[in-house]
Amino acid sequence: MVKPRLILVLGDQLSQGLSALRAGDKSRDIVVMAEVMAEGSYVRHHPQKIVLVLSAMRHFAAELQAQGWQVAYTRLDDPDNSQSIGGELLRHAAVHGATEVLATRPGEWRLIAALNDLPLTVSQHPDDRFLCSDAEFATWAKGRKQLRMEWFYRDMRRKTGLLMQGDDPAGGQWNFDHDNRKPARADLLRPRPPRFAPDAVTAAVIALVRDRFADHFGGLDGFGWATTRPEAQQALDHFITHALPRFGDEQDAMLQDDPTLSHALISPYLNIGLLGWHEVCKAAEDAWRAGRAPLNAVEGFVRQIIGWREFIRGIYFLEGPDYTTRNALGAQRALPPLFWGAKTQMACLSQAVGQTRDLAYAHHIQRLMVTGNFAMLAGVNPAEVHDWYLSVYIDAFEWVEAPNTIGMSQFADGGVVGSKPYAASGAYIDRMSDYCAGCAYRVKDKTGAKACPFNLLYWDFLLRHRDRFAKNPRMAQMYRTWDKMDATRRDTVLTEAADFLRRLDAGETV
Ligand code: FAD
Ligand code: SF4
């Protein structure tokens, strides 16, 4: 008799066309899916993320069974659960007399290595749910002095034909960002993202997660994420119909009472495989062609998916397993407790961290220009910042989180993802948000007891790294501004910044 093979399906591989499933044979092979503590707790994931992944896994396993697959499914509380992916593969291999495993390559170096180390024959098939393969990205990157998303994106537009008119970009431009990124006003008519009432499967998982992960940061009340493909498709439709038209304008805006604005909230579904890049881009393009959404919004959205998302993935696999340990700026400060919800008087940080705790979600600019900007200006160790982002967001998977955090937000890769650090003073946050009006600090104050800490830390950061950045043509102007400043004022800024950091380190409420 032919031995069965095990087909591994991980919690972020919940796609019908998965390469490992395509390589398998329903009449012979056994699909292995396992809920294990090792994956739930190697960083302290937000409870909503654990619920999303486990519930979506249970739903997906049921779909596979209905299609005739034999599924060996381990629940988190099964008494025989070895609580690791490798352990479950070995256990099922022994039970079924299998020696071979078909896998789709995981999106994380840690798991790739774990599978390679197993005493079984494991074939890791490429994860072809992405537009750009590792080999294609490596070819694109080869010989370039700098890897810039914009050039990569244009190639992806040409490759897909999305928003193209012949060889030219639709509307005559590749990028419509000058029409985007405006501040937003509170608007009671702005549609809210859809929420999906937990079914019996999700309700059981919520109870389990409450019990097992009670000490993880984040709430579970009102869990309303989609956990099946039809629900994820509804979420996509809702975005395309109601929010996409304003996506471009409101992409960078931040509002106290509107944590999601016109964002898509589809990253968790893309990242676990319930949606694919092509269908979401196609839906957006169709909306533009039908006159239901303007080109600036649609181009901006498509760029996030086939530009940024694919570029970020390419960087993760190009740069190798040590990427997450990079610390080009030598930042050593411990992550301040305010990131875990300790009280802060800074309204912007309080909002970004508070909504992260409640929703497992913050949009890009909150991640980049509030929490990320603060951590970089304060000189927080990027490894700790990386652990935090991987822990607290519903969509956090290392291949996408790490280059965004280590590269884009902390400049800890020394300029692989971005050509300059995303450093900004309070003026940027004030321009793009309504946070400052309700803050204990005054954004217009550059020094003094009420001075916005971003204003102090911004200069402190630039001065700490003057040797590295002063020659960067996009930053030279800031150093000229500093040099022209009155000497007493410069002393005051640096003294007050040092005092702020001392209080932060001492655990005082800042
Ligand atoms: P929208 O703003 O509506 O954008 C649409 C889609 O574009 C997103 O769903 C996402 O799939 C894609 N996208 C947009 N920007 C990026 C980007 N920079 N990288 C990759 N995809 C992008 N995204 C994750 O999916 N997982 C993460 O763990 C993650 N960590 C991040 C950490 C930091 C420090 C920063 C600055 C960004 C991070 N991002 C991450 C990127 C981005 O913030 C999220 O993709 C986005 O906020 C998800 O919300 P949305 O679906 O409403 O996105
Ligand atoms: Fe944030 Fe400064 Fe504005 Fe306060 S004043 S909300 S600390 S940017």
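Indexing begins at 1, ligand by ligand and atom by atom, following the structure's order.
- For ligand 1, the atoms sitting less than 4.0 Å from at least one non-hydrogen atom of Asn271 are 24 (C), 25 (O), 26 (N), numbered in the order shown with element in parentheses.
- For atom 40 (C) of ligand 1, the closest non-hydrogen atom on the protein side is Arg367 NH1, 3.5 Å.
- For the pair Arg468 and Phe411, the cation does not sit on the ring face, since its NZ or CZ is not both under 6.0 Å from the ring centre and inside 45° of the axis.
- With respect to atom 2 (O) of ligand 1, the closest heavy atom belonging to the protein is His263 ND1, 2.7 Å.
- Contact annotation for Phe301 and ligand 1: only side-chain heavy atoms (C-beta onward) come within less than 4.0 Å of the ligand.
- Between the side chain of Lys49 and the backbone N or O of Ala396 there is at least one donor-acceptor pair closer than 3.5 Å.
- The nearest heavy-atom contact from the protein to atom 23 (N) of ligand 1 is Val400 CG2, 3.7 Å.
- Looking only at atom types and distance, the side chain of Asp12 has no donor-acceptor partner in the side chain of Asn271 under 3.5 Å away.
- Panel note: side chain Gln13, backbone Gly107; no donor-acceptor pair is recorded below 3.5 Å.
- Proximity of Phe247 to ligand 1, defined as any heavy-atom pair under 4.0 Å, is confined to the side chain (atoms from C-beta onward).
- Within a 6.0 Å radius of CH2 in Trp340, more than 12 heavy atoms belonging to other residues, nucleotides or ligands are found.
- Among protein heavy atoms, atom 8 (C) of ligand 1 sits closest to Ser267 CB, 4.1 Å.
- Taking backbone and side-chain atoms together, Cys452 has an N/O/S atom less than 2.8 Å away from atom 2 (Fe) of ligand 2.
- Considering only non-hydrogen protein atoms, atom 16 (C) of ligand 1 sits nearest to Trp308 CB, 4.0 Å.
- No part of Gln251 comes within 4.0 Å of ligand 1, judged by heavy-atom distances.
- Comparing Thr405, Val417, Asn404 against atom 39 (N) of ligand 1, the shortest heavy-atom distance belongs to Asn404.
- Between Lys159 and the choices Met164, Glu136, Arg154, the side-chain contact (heavy atoms from CB on, under 4.5 Å) rule is met once, by Glu136.
- The protein atom (non-hydrogen) at minimum distance from atom 13 (N) of ligand 1 is Gln304 O, 3.7 Å.
- Heavy-atom proximity to Leu270, at under 4.0 Å, picks out these atoms of ligand 1: 11 (O).
- Those atoms of ligand 1 with a heavy atom of Leu368 less than 4.0 angstrom away are 36 (C).
- Taking the six-membered ring for Trp and the full ring otherwise, Trp399 and Phe130 have centroids separated by under 6.0 Å.
- Less than 4.0 angstrom separates some heavy atom of Val443 from each of these atoms of ligand 2: 5 (S).
- A donor-acceptor pair under 3.5 Å links the side-chain atoms of Gln355 to the main chain of Tyr361, judged by distance alone.
- The aromatic rings of Phe311 and Trp308 sit perpendicular to each other, their planes meeting at more than 60°, with 30° as the lower class boundary.
- Residues Phe152 and Phe137 bring their aromatic ring centres within 6.0 Å.
- The protein heavy-atom contact nearest to atom 3 (Fe) of ligand 2 is Cys436 SG, 2.3 Å.
- Of all protein heavy atoms, the one lying nearest to atom 4 (Fe) of ligand 2 is Cys439 SG, 2.3 Å.
- Listed by number with element, the atoms of ligand 1 under 4.0 Å from a non-hydrogen atom of Ala264 are 3 (O), 52 (O).
- Per-residue contacts place Leu265 under 4.0 angstrom from the following atoms of ligand 1 (heavy atoms of the residue considered): 50 (P), 51 (O), 52 (O).
- Between Asp395 and ligand 1, at least one N/O pair is under 3.5 Å apart.
- Atoms of ligand 1 lying under 4.0 Å from any heavy atom of Tyr389, numbered from 1 in the order shown and given with element: 32 (C), 34 (C).
- When atom types are taken as modelled, the side chain of His363 and the backbone of Ala253 share a donor-acceptor pair closer than 3.5 angstrom.
- Nearest protein heavy-atom neighbour of atom 47 (O) of ligand 1: His364 N, 3.4 Å.
- Residue contacts with ligand 2, taken as heavy atom pairs separated by less than 4.0 Å, involve Cys348 via backbone and side-chain atoms alike.
- His238 contributes no side-chain N or O that, together with a main-chain N or O of Gln234, makes up a donor-acceptor pair within less than 3.5 Å.
- Looking only at atom types and distance, the side chain of Tyr323 has no donor-acceptor partner in the side chain of Glu398 under 3.5 Å away.
- The shortest heavy-atom distance from Ala362 to ligand 1 is under 4.0 Å.
- With hydrogens and angles disregarded, a donor-acceptor distance shorter than 3.5 Å links the side chain of Asn455 to the backbone of Val443.
- Among protein heavy atoms, atom 49 (O) of ligand 1 sits closest to Tyr361 CE1, 3.3 Å.
- Near Ile305, the atoms of ligand 1 lying under 4.0 angstrom from a non-hydrogen atom of the residue are 6 (C), 7 (O).
- Close contacts between ligand 1 and Met408 involve ligand atoms 18 (N) [criterion: under 4.0 Å to a heavy atom].
- In this structure a side-chain-to-backbone donor-acceptor pair under 3.5 Å is present from Arg44 to Asp215.
- Atoms CE and CD1, on Met432 and Ile365 in that order, are 7.5 Å from each other to the nearest 0.5 Å.
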